[in-house]
Amino acid sequence: MKLQRVLQYAQHLLMQSIEEGEIAVDGTAGNGHDTLFLSQLVGENGHVYAFDVQQQAVDATLNRLTEHRVTNTTVILDGHEKVANYIQQEIAGAVFNLGYLPGADHTIITQGNTTVVAIEQLLQLLKVGGIIVLVIYHGHEGGKKERDDVLQFVSSLSQKHVHVLRYEFINQKNDPPFIVALEKVKLFQK
Ligand code: SAH
């Protein structure tokens, strides 16, 4: 296959922007797959902050990290919309898998308003050349509202400061997830 699948492409983008020794954020730890991936990208001199509002997700992520002997990661039981309370340093990249935790309560979902707040805060912290990757799941109850809220917000960002990409297979059934990626290309004025 020549066209990368959505999850592969998400990782490809993160590899483009994150280097060893830098700081990265997983906005939705979930089962910890992306947290582990980021921890490997930043290496032992870097650091990853992962957020989730569910204890079950925090525990699953911590277990995965322990299994892989990862020590460069902080897993935080709190919403990503509070990211600025926890991180003040420059970050190199961030990833969000929106929607619900597979195998858990389908009513605990990410929401457009809080996702947008998190993106706004992360764009401030992001280095120039850094990328925020959103994997947008929209097949579930509430998913279309979040998708539309997020798309409306990212479409309004100034192209002088942020390049916004949508990567999507458009002939697949059942609302497959798609990617929105934001590359910061110029500092915002304070
Ligand atoms: N849909 C994806 C997985 C998404 S997991 C897939 O199928 O692979 C999304 C995670 O976001 C869940 O674990 C959920 O608890 C978490 N979440 C929901 N609201 C959040 C918030 N405000 N801040 C951080 N995490 C949140």
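Both ligands and their constituent atoms are indexed starting at 1 by order of listing. Remember, predicted model here, so these are calculated numbers, not experimental data.
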Can you sort out which atoms of ligand 1 are near [X], meaning under 4.0 Å from one of its heavy atoms?
X: Thr110; result: 11 (O), 17 (N), 18 (C), 19 (N)
X: Gly99; result: 9 (C)
X: Gly27; result: 24 (C), 25 (N)

What protein heavy atom sits nearest [atom], and how far away is it?
atom: atom 9 (C) of ligand 1; value: Asn97 O, 3.4 Å
atom: atom 8 (O) of ligand 1; value: Tyr137 OH, 3.4 Å
atom: atom 14 (C) of ligand 1; value: Asp52 OD1, 3.4 Å
atom: atom 23 (N) of ligand 1; value: His80 N, 2.8 Å

Problem set entry | Proximity of Glu81 to ligand 1 by residue part, where a heavy atom lies under 4.0 Å |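 Contact part for Glu81 vs ligand 1: side chain (C-beta onward).
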Problem set entry | For ligand 1, the portion of Leu98 having any non-hydrogen atom under 4.0 Å away |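 Looking at Leu98 and ligand 1, just backbone atoms fall under 4.0 Å.
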For this session: State whether Lys145 and Asp149 are salt-bridged, where the test is any N-O pair (Lys NZ or Arg NE/NH1/NH2 against Asp/Glu carboxylate O) under 4.0 Å.
Result: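 Yes, Lys145 and Asp149 are salt-bridged.
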Exercise. Does Ala104 have a non-hydrogen atom less than 4.0 Å from ligand 1?
Worked result: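 Contact absent.
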Exercise. Are Tyr100 and ligand 1 in contact, using a heavy-atom cut-off of under 4.0 Å?
Worked result: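 Checking ligand 1 against Tyr100, which is what was asked, there is a heavy-atom contact under 4.0 Å.
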Exercise. Should Asp26 and Thr35 be marked as a side chain to side chain donor-acceptor pair (under 3.5 Å) after you check the CA-CA gap, both sets of side-chain angles, and the distance that decides it?
Worked result: CA-CA 6 Å; Asp26 187 347; Thr35 310; 2.7 Å; yes
Exercise. Which is it for Leu182 and His163 under the side chain to side chain contact (heavy atoms under 4.5 Å, CB included) test, yes or no, and what are the steps along the way?
Worked result: CA-CA 6 Å; Leu182 299 91; His163 291 173; over 6 Å; no
